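To keep things clear, I will list the structure first and then write my remarks on it.
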Amino acid sequence: MNSKTLMYVLKRILLAALTVWVVITITFFVSHAVPGGPFTGEKAISAAAQAALEAKYGLDKPLMEQYFTYLSDVVTKFDFGPSLKQRGQDVNDIISRGLSVSIKLGLSAAAIAAVCGIVMGAVAALKRNSVLDRCIMVFSTACVSMPSFIMGSFLLLIFSLKLGLLPANGTTAAGLILPVITLSLSPMANITRLTRSSMLDVLGQDYIRTAKAKGVSGMKIVFKHALKNALIPVITYVGPMLAYIVTGSLVVEKIFAVNGIGRAFVGSITDRDYPLIMGTTIVLASLIVIMNLVSDILYKVVDPRINLE
Amino acid sequence: MNLKKLSMHPDLDCFAPASEAEKEYMVQMRPSSTFFKDGVKRLMKNKIAVISFFVIVIITLCSIILPMFWPYKYDQMLGVRPGRPVNSSYNNLAPFEYGEKELERMAEGEKIFPHIFGTDAQGRDYFIRVVYGARISLAVGFFASLIVLVIGLTVGSISGYCGGKVDIVIMRIVDIIYSLPDMLMVILLSTVLKEVLAPLIAGTVLEKLGVNMISLFIVFGLLYWVSMSRQIRGQILSLREQEYVLAAQATGARGKWIIMKHLLPNCISVVVISTALQIPSAIFTESYLSFLGLGVNAPMPSLGSLASDALNGMNSYPYRLVIPAIVISLIVLSLNLFGDGLRDAFDPKLNG
């Protein structure tokens, strides 16, 4: 790693940290801009009780003081405070419980998307303009233009309600199959398209012709020379893919009743549980920002030809 | 022919008047094609783009015209008559079925307009709701892209033209907004804006539009302009340095001519293409938010909220999910394909 790369990496890390701070700030002030406060619910409570509650949660202090307390809690202790609607539970507990399920879901979806997408993209590029290529491209175009909630509903309708093959409820291991497939389809289609175009690009390069002229076997050309280079642009998609999976999991977990962080988030929106909304937004946003950072840096480090800036 | 090679005398043959055959060679066979005409010609050759264009036009026209003469309204509960108990025979009708009163009237020989897609759980004609949903989705996509276009164009061109410190500040802000996870911010902002805006717009014209709709537009205006402004800034920066601008300057063209004839047409293709591709993504976002219950206000339907409502009765009435799903996929797919076609036809870099 030369000094130029190091500078780039440092700059990106700084920008990512700044972004996370902006996210925390926006979520805090936006949530506190809601009129009425969290305790003006359906049930009327006495002024004394409300004052006591506000004092307990520190809501009676000036807004800026609350902001700095929150910021320091989040940054130093990673503490998002207590949930307002689920009594006796910390936002941290709810998030970590949800994340353990969601990470399983997201990682399996990402793995399936990457493996199937790369294979399909490479096959499509190698068999360019064949029937197989056409089929793969039509399939991936269809997957890209279908919103995740529609894909999920369709899969649910076909495989669990009509055919009865898989459970509709995502709380068991078998029940996670459909949500994983739903989440993986759109990233898979994107990876297929990316791999295909970059593979076609690489296959037209001089060094492939040289390898062929030297008599290198077809398999070796594909795996050692073509695919290895064709996958570099695919790295850039890792960040957006994670962002898609995170937002997609919000609806997918709603459809399949998976007890993940997405469902907690959607639930917190309907409950107006602001600490939980803030906590999940910050955690998910940081996750996306960090993954974007990693994929960007990886991309620049893996391919030295890429111009930094 | 002058055979003296070293003679300085001009060859008089070179100055002979042109013959008829030579004149014919110079005649303009057809008027020179403009950039726009060229692009349209290329676009017309792209069958997929043309088909998608017609699909979009047909869906748009249907969604505008059909509600005008359709006998049912999108929020009209057919079983509810003032002063009478609710007639539940109108609820959950299958396609081409009729309610009790309608059957009686048909027995008397009256013609009743059929419920092509049946009715929903509250006895509302489903066909007109889907048509209305498509209308809302298209309108949201169109206006959201318009907002993005205006803000992105303004900021991008300011940044590109001014350069220097202004450019640096704007681009850092753009960088940060660009790296914000958009969907999460959209959800957060629309959740909160809903609460904040509701008392503000009560009693005004805006109330009819719905708080969710307005917060959706605000969110789009706040977050989605960044990629547009980046593209336009980049375009203006690189166009300013092009050789043909230098050539135009060298031949004495004035600034206005260069901007009108060289910079603007090249920018416009980028602007049109990214606006066209912005529409499906806006529709996507709207349907996503509607599905989470943050989209348009009930009873107004959007394709996302129709699909979301259909989830509850999915086993008994699967077509209620399938129909809006197909419509939304068709809209997004054809808009995407048309946008791709536009890019292929109008992006000067790909012309080769």
Side-chain angles (χ1 to χ4, degrees), chain A residues 12 15-16 18-23 26-27 29-36 141-142 144-154 156-158 161-162 168 239 242-244 246-248 250-251 254-255 265-266 268-270 272 274 277-278 280-282 284-289 292-293 296, chain B residues 48 172-173 175-196 198-200 222 280 283-294 303-304 307-308 310-311 314-316 318-319 321-322 324-337 340:
Chain A
R12 283 309 315 262
L15 183 66
L18 196 64
T19 310
V20 171
W21 171 71
V22 170
V23 168
I26 290 178
T27 21
F29 284 108
V30 162
S31 303
H32 282 74
V34 180
T141 312
V144 168
S145 28
M146 227 191 245
S148 52
F149 65 87
I150 285 182
M151 213 124 61
S153 320
F154 271 1
L156 181 67
L157 182 67
I158 296 167
L161 294 183
K162 293 292 162 199
L242 188 95
Y244 173 85
V246 167
T247 47
L250 300 189
V251 289
K254 184 188 167 191
I255 295 170
F265 186 51
V266 175
S268 70
I269 291 171
T270 24
R272 292 181 209 155
Y274 286 101
I277 296 181
M278 281 152 74
T280 25
T281 311
I282 291 168
L284 292 179
S286 317
L287 212 66
I288 292 174
V289 169
N292 270 329
L293 174 74
D296 270 13
Chain B
I48 297 175
R172 283 301 88 82
I173 295 172
D175 275 347
I176 289 174
I177 296 182
Y178 197 76
S179 48
L180 288 178
D182 48 355
M183 215 44 128
L184 290 172
M185 290 293 119
V186 169
I187 293 172
L188 181 80
L189 285 176
S190 39
T191 315
V192 175
L193 278 177
K194 217 168 85 177
E195 309 267 318
V196 178
L200 284 182
L222 283 176
I283 292 177
F284 229 95
T285 311
E286 186 276 326
S287 67
Y288 180 89
L289 288 177
S290 290
F291 188 79
L292 289 180
L294 293 168
L303 292 173
S308 166
L311 265 188
M314 197 161 62
N315 210 2
S316 329
Y319 58 89
L321 174 68
V322 174
I326 288 177
V327 175
I328 201 165
S329 306
L330 205 63
I331 291 177
V332 172
L333 182 66
S334 41
L335 278 170
N336 269 329
L337 289 175
D340 284 348

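Residue numbers begin at 1 in each chain, while the letters A, B, ... track the order of the sequences. A quick note: this is a predicted structure, and the numbers were derived from the prediction, not measured.
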Original post:
Based on non-hydrogen pairs under 4.5 Å, which of Leu333(B), Leu335(B), Leu337(B) is most in contact with chain A?
Top reply: Leu333(B)

Original post:
Between Ile187(B), Leu330(B), Leu189(B), which shows the greatest number of heavy-atom pairs under 4.5 Å with chain A?
Top reply: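 Highest number of pairs under 4.5 Å: Ile187(B).
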
Subject >> Region of Tyr288(B) that comes under 4.5 Å of a non-hydrogen atom in chain A >> reply: both

Subject >> Under 4.5 Å from a heavy atom of chain A, the part of Ala307(B) involved >> reply: side chain

Can you find a pair of side-chain heavy atoms, one from [X] and one from [Y], that are under 4.5 Å apart?
X: Met185(B); Y: Val23(A); value: yes
X: Phe149(A); Y: Ser308(B); value: no
X: Tyr178(B); Y: Leu15(A); value: no

Original post:
What's the shortest heavy-atom distance between Val251(A) and Phe291(B), and which atoms?
Top reply: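 Closest heavy-atom pair between Val251(A) and Phe291(B): CG1-CD2, 3.5 Å.
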
Non-hydrogen atoms of chain B under 4.5 Å away: do they reach the side chain of [X], the backbone, both or neither?
X: Val30(A); value: both
X: Thr27(A); value: both
X: Ala243(A); value: neither
X: Leu18(A); value: side chain

Considering only heavy atoms and a distance below 4.5 Å, find which of [options] pairs most often with chain B.
options: Ile277(A), Leu284(A), Asn292(A); result: Leu284(A)
options: Ser148(A), Ala285(A), Pro147(A); result: Pro147(A)
options: Ile288(A), Thr141(A), Thr19(A); result: Thr19(A)

Subject >> Nearest-0.5 Å distance that lies between atom OG1 in Thr247(A) and atom CG in Leu292(B) >> reply: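 With rounding to 0.5 Å, OG1 (Thr247(A)) is 10.0 Å from CG (Leu292(B)).
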
Original post:
Quick one: CD1 on Ile176(B) to CH2 on Trp21(A), what's the gap to the nearest 0.5 Å?
Top reply: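 Result: 8.0 Å between the selected atoms.
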
**OP:** Please indicate whether Ile48(B) has more than 12 foreign heavy atoms, meaning atoms of other residues, nucleotides or ligands, lying under 6.0 Å from its CD1.
**Re:** no

Original post:
Counting heavy atoms not belonging to Phe154(A), are there more than 12 under 6.0 Å from its CZ?
Top reply: yes

Subject >> Under the ring-ring contact (aromatic ring centres under 6.0 Å, His included) test, residues paired with Tyr319(B) that sit two or more places apart >> reply: none

